[in-house]
Amino acid sequence: MAERFEAAYLRLLRSGELKRRVARAFARLEACDICARECGVNRHLSAEGAGCRTGLRAVVSSAGPHFGEERPLVGRGGSGTIFFSWCNLRCQFCQNAEISQLGYGREVEAEDLAQMMLGLQAQGCHNINLVSPSHVVPQILAGLLLAAEAGLHLPLVYNTGGYDSLKTLALLDGVVDIYMPDMKYADEEVARRFSGVRDYPAVNQAAVKEMHQVGDLVTDERGVAQRGLLVRHLVLPEGLAGTAKIVRFLREECSPQTYINVMAQYRPCYRAYELPPLDRPVTAQEYQEAVRLAQEAGLRLDDRRPRLLWAWR
Ligand code: SF4
């Protein structure tokens, strides 16, 4: 008989370790190194100097069931998303710039976050999907502790832009069941130009390798994700996303069984209109080439790839 699934953090809750992780995470906000930017500012005092522009409280733009995520996350009940405002990256083509760069949303306490998580569970969602969590891990852990004490049992999805610190991923070891990192670029200069962090490729690859501690993606008999790694890779015009290097990294450094969503939906947003070649969508050929590379690497491709490919030009 299949083993009954239990969200990872429940074991840490019982041992008291989850509470200790909250304290350790908040202590690190005094000279913040929660994400790979390592700003060193004291977020207990203010958000001044913080690359993520976030102080002691997390800011949330929205929370609710989401049906547009990858099929293993959505199932029938939807993915229970909590969108955090602000971001530790500066992607010039961000589709959610009002949230990530202008900070639309409201400050929340740990109790508010716990209520959101429990509310999503009560609505029948299959997981708690933390969108843009990298800069608010202490606040998430505090909310999770309260929610778990009150009966939360859904797996956590860490849905990140992929610029994460290994030290913080250690805090999440045994807490997160499903990691869903972006792999945006393989080239330092492209990363600097379009997301403001030159070391993105090295940081991102080290982080994804560490996230693979949860193994390849495992689903239950309904096809709903329980645990594992799911990578998102947005195809950019003129091969800027470095697909060939990224799929080779996944095959050789993580696992040939890595689940990957090669995404076709790039459209110019935010400042991309001033930054050719990001001022146009990807072509059908560019997308097909990225899919071909992932297939050749033997990776597990998300099956919701667009069937109708558009012609650009
Ligand atoms: S979370 Fe990252 S961006 Fe924000 S202050 Fe800390 S190190 Fe800087």
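Atoms within a ligand are numbered from 1 in the order they appear, just like the ligands themselves. Just so it is clear, the model here is predicted, and its values are computed rather than measured. Sequence positions, counted from 1, serve as the residue numbers for this chain.
Look at Cys32 and atom 2 (Fe) of ligand 1: no N/O/S atom of the residue is under 2.8 Å from the metal.
A salt bridge does not link Arg28 to Glu38: none of the charged nitrogens lies less than 4.0 Å from a carboxylate oxygen. In this structure, Glu189 pairs ionically with Arg198, as a charged nitrogen and a carboxylate oxygen lie closer than 4.0 Å. Salt bridge Arg251/Glu296: absent, no basic N to carboxylate O contact under 4.0 Å.
Less than 6.0 angstrom separates the ring centroid of Tyr179 from the ring centroid of Tyr158. Taking the six-membered ring for Trp and the full ring otherwise, the centers of Phe93 and Tyr266 sit less than 6.0 Å from each other.
Within ligand 1, counting atoms from 1 as listed, the ones closer than 4.0 Å to a heavy atom of His135 are 1 (S). Near Arg37, the atoms of ligand 1 lying under 4.0 angstrom from a non-hydrogen atom of the residue are 3 (S). Within ligand 1, counting atoms from 1 as listed, the ones closer than 4.0 Å to a heavy atom of Gly51 are 3 (S), 8 (Fe). When each atom of ligand 1 is checked for a heavy atom of Ala50 under 4.0 Å away, the hits are 5 (S).
Defined by atom type and a distance below 3.5 Å, a donor-acceptor pair is present between the side-chain atoms of Gln213 and Glu210.
Ranking protein heavy atoms by distance to atom 8 (Fe) of ligand 1, first place goes to Cys39 SG, 2.3 Å. Atom 3 (S) of ligand 1 has as its closest protein heavy atom Cys52 N, 3.3 Å. Looking only at protein heavy atoms, the nearest one to atom 2 (Fe) of ligand 1 is Cys35 SG, 2.4 Å.
Contacts between Arg43 and ligand 1 below 4.0 angstrom, taking non-hydrogen atoms only, involve the side chain exclusively.
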